[in-house]
J.: 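Sharing a structure here in structure tokens format.
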2 protein chains.
Amino acid sequence: MDKQKEILNAALKLFTEYGFHGTPTSKIAQEAGVANGTLFHYYKTKDDLIIALYADIKQRLGFCVVQDVKPADSVYEQAKKFYTAALQWGIENSLEFRYVQQFASSPYVAMIPEELKEQNNITINLIKQGIKEKIIKVSPADYVLALFSSHLYGVNQYINEHKMSAAKQKQFVAESFELVWKMIT
Amino acid sequence: MDKQKEILNAALKLFTEYGFHGTPTSKIAQEAGVANGTLFHYYKTKDDLIIALYADIKQRLGFCVVQDVKPADSVYEQAKKFYTAALQWGIENSLEFRYVQQFASSPYVAMIPEELKEQNNITINLIKQGIKEKIIKVSPADYVLALFSSHLYGVNQYINEHKMSAAKQKQFVAESFELVWKMIT
DNA sequence: ACCTTTGTGGAGTGATTAGTCAATCTGAAT
DNA sequence: ATTCAGATTGACTAATCACTCCACAAAGGT
């Protein structure tokens, strides 16, 4: 496996377990099975690595979420697919999800590059369309997105903390979407 | 002012601005206007301080929230008072709120003492009563609490990021409660 | 074969930091 | 006045950590 990816994997594991300041770069290199210098070959600084890991996760999540949405779908269907895909991904990649949360409530948020923030635009546009079609009754759009996101985080955390069968999980995901949807329509 | 409180104040300010690993204890002592040794007189370790600050904030929030709830109130009224008080407090103490979030999504969560977790019991009991009275239609109770909390965090963050008049804020608080309430009933 | 670029290693370093300690101060009780 | 426990100080230290540096290896490109 690619050493660069090994470094990201190791960083994800250690950062979520011990926090940013609790994991020295030397431990990351060790866990990844590479030399100390190799880490700094790929990432100029520790902060660089922290941000790159965030960007990598966000991109993977973003890709997964948009995957099977068709433009012909109704706002409801699109929103449901977004929500379900994101939540399902969060369940299957709980470390990644926790990392995003940890990152988002740390001072590193200020360092998020502009182009990453643009990923939200797809969702924002969907919400705006919903508002225009008078299906979504809450506004403005970024407020709806905030409600949507925090709901997603909350449900994800709940599911991850309460181990249950995959079937039960699916049911939770589906039902919880209906809850947010009911809330904003 | 009490030196111990000065230390907590300084820690809050610096931790939220630079993160746990980004703020050395020496800077905290300096900001608090005390000597390095004084900090360690009150808190054996840095971790101790981090946890004590969390406990202090949680306690203050907890006190403020329960304040004007009367047992005679209906579940709806009690829930609304809880929600409104917490959110209002979060708006007026945004640093504290951000700290709690930062703490909660860090590895320090694992170190939260048992007695602090019990603060949730009041809310949990209220929700259980709501479920029993068939007013709240979602269960289990801790799931409802998770939905409630994440909603609260989301709205708080939105309000803090979008500066608006106090009147507009109050309106947001009131309306956002109706949204969650609609969701779970 | 020769050169250039890129990747890899790991010992080394300067700066930083959590935490200690012994000395002094404060104030209240006897 | 004397005592004594807690508060306060800041210089000190042992350890750690982010990052550098240089040597070497691999992989092409010509």
Side-chain angles (χ1 to χ4, degrees), chain A residues 1-57 59 95 99 102-103 105-113, chain B residues 1-57 99 102-103 105-113:
Chain A
M1 198 189 201
D2 197 354
K3 302 222 172 194
Q4 191 167 7
K5 277 184 185 162
E6 288 285 7
I7 291 171
L8 286 182
N9 274 346
L12 174 63
K13 184 185 164 187
L14 295 174
F15 281 147
T16 47
E17 189 165 357
Y18 304 107
F20 294 123
H21 90 287
T23 80
T25 53
S26 56
K27 282 264 166 61
I28 297 172
Q30 194 184 324
E31 172 85 21
V34 303
N36 225 314
T38 308
L39 191 154
F40 286 96
H41 172 71
Y42 289 108
Y43 305 100
K44 269 204 266 293
T45 66
K46 189 181 181 180
D47 282 8
D48 251 37
L49 169 61
I50 291 172
I51 292 163
L53 178 56
Y54 177 78
D56 178 65
I57 292 175
Q59 205 184 330
L95 276 191
Y99 183 82
Q102 189 178 329
F103 185 94
S105 54
S106 82
Y108 289 106
V109 223
M111 302 184 203
I112 299 177
Chain B
M1 197 189 203
D2 196 355
K3 300 218 170 194
Q4 192 167 7
K5 278 183 185 164
E6 287 285 9
I7 292 170
L8 285 183
N9 274 346
L12 174 63
K13 184 184 165 189
L14 295 174
F15 281 147
T16 47
E17 188 165 359
Y18 305 107
F20 295 122
H21 91 286
T23 81
T25 52
S26 56
K27 281 263 166 61
I28 297 172
Q30 193 186 322
E31 171 85 21
V34 303
N36 224 315
T38 308
L39 191 155
F40 286 97
H41 172 71
Y42 289 108
Y43 306 99
K44 267 204 267 294
T45 65
K46 189 181 180 182
D47 283 8
D48 252 35
L49 170 61
I50 290 172
I51 292 164
L53 178 56
Y54 177 78
D56 178 66
I57 293 175
Y99 183 82
Q102 190 178 329
F103 185 94
S105 55
S106 81
Y108 289 107
V109 223
M111 303 185 203
I112 298 177

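The analysis underlying the following values was restricted to heavy atoms, covering all of them including side chains, and did not include hydrogens, waters or symmetry mates. Within every chain, numbering begins at 1; the chains are lettered A, B, ... in the order of the sequence lines, protein sequences first and strands thereafter. These numbers come from a predicted model, not from an experiment.
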J.: Heavy atoms from C-beta onward define the side chain here; which of D:dC19, D:dT9, C:dG19 lies closest to that of B:F40?
T.: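 Closest nucleotide to the B:F40 side chain: C:dG19.
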
J.: Expressed as a whole number of angstroms, how long is the span from A:H41:NE2 to C:dT5:P?
T.: 14 Å

J.: Tell me which nucleotide among C:dG9, D:dA18, D:dT9 gets nearest to the side chain of A:T25.
T.: D:dA18

J.: Could you tell me how far apart B:L49 (CG) and C:dG19 (P) are, to the nearest whole angstrom?
T.: 10 Å

J.: Could you measure the distance from the CG atom of A:N36 to the CD atom of A:Q30? Nearest 0.5 Å is fine.
T.: 9.5 Å

J.: To the nearest Å, give me how far apart CD (A:Q30) and C1' (C:dA11) are.
T.: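 Those two atoms, CD and C1', are 15 Å apart.
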
J.: Measure from the side chain of B:K3, starting at C-beta and using heavy atoms only, and say which of C:dG19, D:dT8, C:dG9 lies closest.
T.: D:dT8

J.: Which listed nucleotide (D:dT9, D:dC19, C:dG19) is nearest to the side chain of B:K46?
T.: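 Among D:dT9, D:dC19, C:dG19, the one nearest the side chain of B:K46 is C:dG19.
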
J.: Report the distance from atom CD1 of B:I7 to atom C1' of D:dT9, rounded to the nearest whole Å.
T.: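 Roughly 12 Å, once rounded to whole Å.
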
J.: May I ask you to decide if the ring planes of A:F20 and B:H21 are parallel, tilted or perpendicular, using 30° and 60° as cut-offs?
T.: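 The arrangement is tilted - the two ring planes meet at 30° to 60°.
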
J.: What is the separation between atom NZ on A:K44 and atom P on C:dG7, rounded to the nearest whole Å?
T.: 13 Å

J.: Is the distance from OP1 or OP2 of D:dA7 to the nearest side-chain N or O of B:T38 less than 4.0 Å?
T.: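 No, no such contact exists.
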
J.: Mind checking the CG-CZ spacing from A:L95 to A:F15? Nearest 0.5 Å is all I need.
T.: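 A:L95 CG to A:F15 CZ: 13.0 Å, rounded to 0.5 Å.
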
J.: Rounding to an integer number of Å, can you tell me how far A:L39 CG sits from C:dG7 P?
T.: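 Computing the A:L39:CG to C:dG7:P distance gives 14 Å.
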
J.: Grab the CG-C1' distance between A:D47 and D:dC19 for me, whole Å please.
T.: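 Taking atom C1' of D:dC19 as the reference, CG of A:D47 is at 12 Å.
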
J.: From B:I28 CD1 over to B:N9 CG, what is the distance, rounded to the nearest 0.5 angstrom?
T.: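 The CD1 atom of B:I28 sits 12.0 Å away from the CG atom of B:N9.
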
J.: Kindly point out which of C:dG10, C:dG19, D:dA18 is positioned nearest to the side chain of A:P24?
T.: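 Given the options C:dG10, C:dG19, D:dA18, the side chain of A:P24 is closest to D:dA18.
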
J.: With the side chain of A:N36 defined as its heavy atoms from C-beta on, choose the nearest nucleotide among D:dT8, D:dC19, C:dG9.
T.: D:dC19

J.: I need the NE2-P distance between B:H21 and D:dT16, as an integer number of Å.
T.: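 B:H21 atom NE2 is separated from D:dT16 atom P by 18 Å.
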
J.: Out of D:dA7, D:dC19, C:dT20, which nucleotide sits closest to the side chain of B:Y42?
T.: D:dA7

J.: Can you tell me how far CG of A:L39 sits from NE2 of A:H41, rounded to the nearest 0.5 angstrom?
T.: 11.0 Å

